[in-house]
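Have a look at the structure below before the remarks.
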Amino acid sequence: MKTLILYEEDDFSHEADLAQKILDELSPILHLENKFIEVNLVGDETMKTNVHSYEAKSGVPRPDIYPAENLGEVYLNPKQIKERGEDFSFMLIHGLLHLLGYDHLKDDDRIKMERQEQFLLSQLSWLIIPNI
């Protein structure tokens, strides 16, 4: 898996490192070896919510990631995540699953997504992941 992790504020460097570790660990589990994902860690001026995901537009060339397939972008606001008492790793997984086609609009889809989130979190149990 190829990743690009960008952060707006210097104090997001810890979250950037954590995001990379999580993605590296989940890549073989989710069969993402030939995929690309961009993670953006942003502050309140950019986004006043916890997470947003944007699937890659088809037909938009990305020669810088060739031959990987572009899955899209996940935007995380570590400050909002912390203020809401949420877990950073969970929110990253949530955003990643949206890029993989999971949704939570219908009850059946929500249950399926929640099960996958819990499974993936269990695969990270070796990490000590505080609420950051």
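Between Glu83 and Asn77 the shortest side-chain heavy-atom distance does not fall below 4.5 Å.
Ring centroids of His104 and His98 are separated by less than 6.0 Å, placing the two rings close together.
Summarising the geometry of Gly43 relative to Glu9, their closest heavy-atom pair is CA-OE2, 3.7 Å, with the distance given to 0.1 Å.
The line from CG of Asp17 to CD1 of Ile5 is 8.0 Å long, rounded to the nearest 0.5 Å. Atom-to-atom distance recorded for Ile93:CD1 and Glu117:CD is 7.5 Å, nearest 0.5 angstrom. To the nearest 0.5 Å, atoms NE2 (His14) and CG (Leu41) are separated by 11.0 Å. Here CG of Asp24 is found 8.5 Å from CE of Met1. Values are rounded to the nearest 0.5 Å. Atom CE of Met91 is separated from atom CD of Glu15 by 14.0 Å, given to the nearest 0.5 angstrom. To the nearest 0.5 angstrom, Leu97 atom CG is 11.0 Å from Asp103 atom CG.
Remark: side-chain polar atoms of Lys2 are paired, donor with acceptor, to backbone N or O of Tyr66 under 3.5 angstrom.
By the neighbour-count criterion of 12 heavy atoms within 6.0 Å, atom CG of Asp108 is sparsely surrounded, having that number or fewer from other residues, nucleotides or ligands.
Inspection of the Glu73 and Tyr75 side chains reveals an N or O donor paired with an N or O acceptor under 3.5 Å. Inspection of the Glu38 and Thr3 side chains reveals no N or O donor paired with an N or O acceptor under 3.5 Å. Side-chain contact, Asn34 with Glu69: no donor N or O sits under 3.5 Å from an acceptor N or O. Inspection of the Glu8 and Thr46 side chains reveals an N or O donor paired with an N or O acceptor under 3.5 Å.
Taking Asn50 as the reference, Glu86 meet the side-chain hydrogen bond (donor to acceptor under 3.5 Å, both in side chains) condition, with sequence neighbours excluded. Under the rule for a side chain to side chain contact (heavy atoms under 4.5 Å, CB included), Glu45 has no partner lying at least two apart in sequence or in another chain.
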Before giving the answer on side chain to side chain contact (heavy atoms under 4.5 Å, CB included), spell out for Lys79 and Phe12 the whole-Å C-alpha distance, their side-chain angles and the decisive distance to 0.1 Å.
CA-CA 9 Å; Lys79 291 178 182 177; Phe12 292 161; 4.1 Å; yes

Residue pair Ile81, Leu76: steps toward the side chain to side chain contact (heavy atoms under 4.5 Å, CB included) verdict:
CA-CA 8 Å; Ile81 292 169; Leu76 297 161; 4.1 Å; yes

Would you sort out whether Val39 and Leu96 count as a side chain to side chain contact (heavy atoms under 4.5 Å, CB included), showing the intermediate values?
CA-CA 9 Å; Val39 176; Leu96 176 61; over 6 Å; no

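Criterion: ILVMFWY side-chain heavy atoms under 4.5 Å apart, direct or through other members. Under it, Ile65 and Val74 are not part of a common hydrophobic cluster.
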